[in-house]
Amino acid sequence: MERIRRWEAGEVRWPRTPYRLALTQLTGLQPEALGFSQNRSTSGLIEASAILPMDALRAEADLYGTMELAQQLQASDVGTGTLEALAEAVDLLCRAYPVVPAATLRDRTQKRLAQVNRLLSGRLTLDQHRELLVITGWLTALLGCVHYDLGEREEAETARRAAFEMGRQVGHSELMGWAHEMSAWFALVEGRYEDVVTAARMGQAVAGQSSAMVQLTLQEARGLARIGDRREADRALTRGAEVLGRFAIPEHPDHHFVFDHAK
């Protein structure tokens with residue numbers, strides 16, 4: 001097999017997460033014990049930096065297929081490798097949002113949520129349960145966005161509320177912030193400009209120093225501008241710019257829940 005030949009020849013220094021997981025399950029040894037090594041340029045995650053948004057959905061499917069998630073979901077225990085791979089897959093789905101048809105992304109996201117929910121019903125440590133809730137929260141937030149894009153307003157709001165509740169349960173400030181941002185977005189599209197401002201400010205109260213905080217200040221400014229309060233709109237933009245200035249340029253600005261500096 002070509003992949004094994006490349007490993008044996010040393011052409012691949014650090015396999016992707018699903019391959020590392022499969023090797024560990026097969027041999028009982030960690031990748032380092034098998035001669036692999038991790039360096040600065042190879043983080044051990046799927047090579048997301050080399051994946052274009054249009055390829056993200058295919059990469060996500062490859063990740064699940066390679067790690068044989070269906071078999072893992074029958075197990076009662078969840079290993080670190082599984083959680084890591086799931087988090088990578090969620091990132092890929094969020095990166096697919098700008099270019100993949102909403103109906104396609106909705107169906108894929110619903111499928112992944114069903115699989116993760118099965119994991120939640122298994123034997124878990126408290127830390128594993130928390131990590132899975134965070135993963136589920138991001139998937140649910142993404143699902144709410146694609147529901148709204150498809151005109152499925154009630155389903156979108158249900159998903160948004162669920163994402164917020166998961167964030168609240170685990171104290172995940174950024175997830176809660178994005179759930180409020182979704183509420184502001186819905187209100188902006190529907191012309192409820194005072195509600196935009198209210199939702200944006202509620203989100204800022206919980207979002208912490210995150211991409212969500214920047215997007216929330218932008219939504220607040222939009223709402224204020226629509227109701228004619230230019231002074232407060234300018235102040236909101238200034239606050240957002242100050243927060244944004246503390247962040248490095250994101251590696252993947254195409255990720256739906258990452259604020260793109262180019263904006």
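- Between C145 and W185, the closest side-chain pair of non-hydrogen atoms falls below 4.5 Å.
- No option in V116, L86, N117 other than V116 meets the side-chain contact (heavy atoms from CB on, under 4.5 Å) test with L139.
- Among all heavy-atom pairs drawn from L105 and L142, the shortest one is CD2-CD1, 4.3 Å.
- Taking a cutoff of 4.0 Å between a charged side-chain nitrogen and a carboxylate oxygen, E242 and R239 do not qualify as a salt bridge.
- When every heavy atom of E174 is checked against every heavy atom of A212, the shortest pair comes out as O-CB, 3.9 Å.
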Practice item. Step by step, work out the side chain to side chain contact (heavy atoms under 4.5 Å, CB included) result for D234 and R230. Key: CA-CA 6 Å; D234 285 344; R230 177 173 178 174; 3.9 Å; yes

Point to revise | From CA spacing to verdict: salt bridge (charged side-chain N to carboxylate O under 4.0 Å, His left out), R161, E165 | key: CA-CA 6 Å; R161 289 176 180 270; E165 180 58 25; over 6 Å; no

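- Ring geometry, F257 versus W178: the interplanar angle exceeds 60°, so the pair is classed perpendicular (tilted spans 30 to 60°).
- Here the closest non-hydrogen pair linking R192 and D195 is NH1-OD2, 2.9 Å.
- The shortest side-chain heavy-atom distance between T109 and R106 does not fall under the 4.5 Å cut-off.
- Screening E181, R201, H180 for a side chain to side chain donor-acceptor pair (under 3.5 Å) involving Q219 leaves a single residue, E181.
- Remark: the H147 side chain and the E152 side chain contain an N/O donor-acceptor pair separated by less than 3.5 Å.
- Side-chain contact check for Y97 and D149: at least one donor-acceptor pair (N or O, by modelled atom type) lies under 3.5 Å.
- Taking the ring centroids of W138 and H172, they lie under the 6.0 Å cut-off.
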